[in-house]
Amino acid sequence: MRKMEHFPNLVTMFFTRARELGDKPFLWHKHNRQWVSQSWREAAEQVASLAAGLKAIGLEPGDRVMLVAENRPEWCISDLAIMAAGCVTVPTYITNTERDHSHIIENSGARAVIVSDAKLAKTLLPAVLRSSQLRRVIGIEDLRVAQSGDVAFHSWHGLIAEHRTDPAAAEAGVAQVGREDMACIIYTSGTGGAPRGVCQHHGAILHNVAGASAVIAEDFGWGDEVFLSFLPLSHAYEHSAGQFLPIGLGAQIYYSEGLDKLAANIEEVRPTLMVVVPRLFEVLRTRIVKNVEKQGKLSTFLLNQAVAIGGRKAHGRFGLFDGPMNAVLGATLKPRIQQRFGGRIKAMVAGGAPLNPDIGVFFDSLGLTLLQGYGQTEAAPVISCNRPKVGLKHDTVGPPLADTEVRIAEDGEILVRGELVMKGYWNNAEETARVLKDGWLHTGDIGEIDAKGRIKITDRKKDLIINDKGDNVAPQKVEGMLTLQPEIMQAMIAGDRKPHMVALIVPDPEWTQEFCAKSGTACNFDTLSANPDYRAAISAAVERVNKDLSVIERVRRYILADEPFTIENQQLTPSLKIRRHVLKQVYGARLDALYKN
């Protein structure tokens, strides 16, 4: 069984794999509707040359360099080149506003930025021009800048062409970079306010790579792996698990064309491993169910049987006729579903937000292994992951990665210690002191550890709702159950210091279209929100959820949101978590009014 070597830094890991794999394909992207590959050797030459170019324009070890680009081969090359130059990568979301960019530029003290194209530069450049220290902009594509002022503009390809360097020389240049040295500053998505810069050192990410590769090797077998990258690389989860883990494994990385083409890309690429977020699988589950129902009563019957067997299996029960029925499903329904995922998926690992256990059971029932991981940006970010060899239990997030200590504090908070834990927040000693105590990362999550060492998250410490009687309610559990209903796309519950729970609900647009078609109603939301039949259908969905909740958790009343929660309206983070503080600012008075009527 292959084991991950102990590397001094991320760049050395990359150059080592590039030497071993040479002309084998590494990075893939779509060009003129065809997948085009770049070899390990070509990537190593570009990394070495771009690193030399960055040094040539005056960047020095320790300088921060922002990276604003979509997922594409140049993202990976740029990230590695920044680190190969001894600098620190500052990834930023492509959905950032001008204000977000200004905050990160000023907070990080970035001296340069690599940006992919003119479209992304349009939001970025005003923030650059207001900056006092960022005076170098490197465009991967032509930025179409008519006047530069005192900002120096460089061509990404030009820097590579003008500073051709041998990868061996570049690797020798990072020999002094150790595991304790900072690799990147990743800004948290800001669910509770302004983003904070998490300082991730080389060893933290390497710890994640080694731990995750051990899970793959021991539970699935480490072979010729293929990853499909579609979560933002500016997010710590994709950065570590979708980029550096594949590099460590010597895997190929395909860059998706986007969420709208993801299903087609999966069938084309046929990935062996995928890094995903739970929300994607909630959407896929709905689509699978609808597609199967369209195929007739027999297909629907088979799907229901598969899910029922999976549910019994998850609870340690197996019926007398489950074996024969499983054989039928294995010859009919399961292969069709698995083919939609390429047919060779070993596992899909969900992280970034809680996964509803029913979702995990659903995909397992269809022969697709869905593992739930747990982590935080402050831990590089993976702390634990479900493992088949330990036993899949979908209401847990599995045991900690190798060499990771986890314990539960007296108040139930999950504490983490190990090389994966950050050194602190950038220029924020107060927040650092609050979450790092005696080497332990105080995660802010509440949980427990079962007899097999698997961690179970019960809720966010700061998100717990405490009602007027002092009872604790975990909002994410209730919200997850609400959004599994076909009528509801998004939800937030509230009720702090109140007698009962209330909810803010975003109806599902597809279900709404179907409701309008069946009832002959015009799909005008302002009219629909007052339509008694429409409200009755949503109320029925809420009541279905209430039946499975305790008295203190039940949602007594609700309001409909004016619009979906999106990144653009600041109500979702780029990693698709709801921003409670923003939603409370917008809807707080209306939610409070539910207690008065």
| Backbone N or O of Ala110 within a donor-acceptor pair of the Arg64 side chain at under 3.5 Å? | no

| query | Do any N or O atoms from the side chain of Thr188 and from the backbone of Arg196 form a donor-acceptor pair under 3.5 angstrom? | reply | yes

| request: Indicate yes or no for a side-chain donor-acceptor contact from Asn569 to the backbone of Pro564 under 3.5 Å, with no hydrogens or angles considered. | output: yes

| message | Under 3.5 Å, is there a donor on one side chain and an acceptor on the other for Glu74 and Ser116? | response | no

| Minimum side-chain heavy-atom gap Asn265-Tyr254 below 4.5 Å | no

| request: Determine, for Lys30 against Glu268, whether the closest basic-nitrogen to carboxylate-oxygen distance falls under 4.0 angstrom. | output: yes

| field | Residues Glu293 and Thr300: side-chain donor-acceptor under 3.5 angstrom | value | no

| query | Would you say Lys122 has more than 12 foreign heavy atoms packed within less than 6.0 Å of its NZ? | reply | no

| field | Partner residues of Asp526 under the side-chain contact (heavy atoms from CB on, under 4.5 Å) criterion, sequence neighbours left out | value | Asn524

| Out of Asp79, Thr92, Val90, which one pairs with Leu67 under the side-chain contact (heavy atoms from CB on, under 4.5 Å) rule? | Asp79

| field | Parallel, tilted or perpendicular: ring planes of His103 versus Tyr187, cut at 30 and 60 degrees | value | perpendicular

| said: Could you tell me if Gln38 and Gln46 have a donor-acceptor pair between their side chains, going purely by distance under 3.5 Å? | reply: yes

| query | Can you pull the side-chain hydrogen bond (donor to acceptor under 3.5 Å, both in side chains) pairs that have at least one residue in residues 361-370, sequence neighbours excluded? | reply | Asp364-His394

| query | Is the shortest heavy-atom distance from the side chain of Leu125 to the side chain of Leu143 under 4.5 Å? | reply | no

| Main-chain N/O of Leu231 paired to Asn71 side chain as donor or acceptor, under 3.5 Å | yes

| Taking everything shown except Arg99 itself, do over 12 heavy atoms lie less than 6.0 Å from its CZ? | no

| message | Can you classify the ring geometry of Phe26 versus Trp40 as parallel (below 30°), tilted (30 to 60°) or perpendicular (above 60°)? | response | parallel

| query | Salt-bridged, Asp562 to Arg590, with N to O below 4.0 Å? | reply | yes

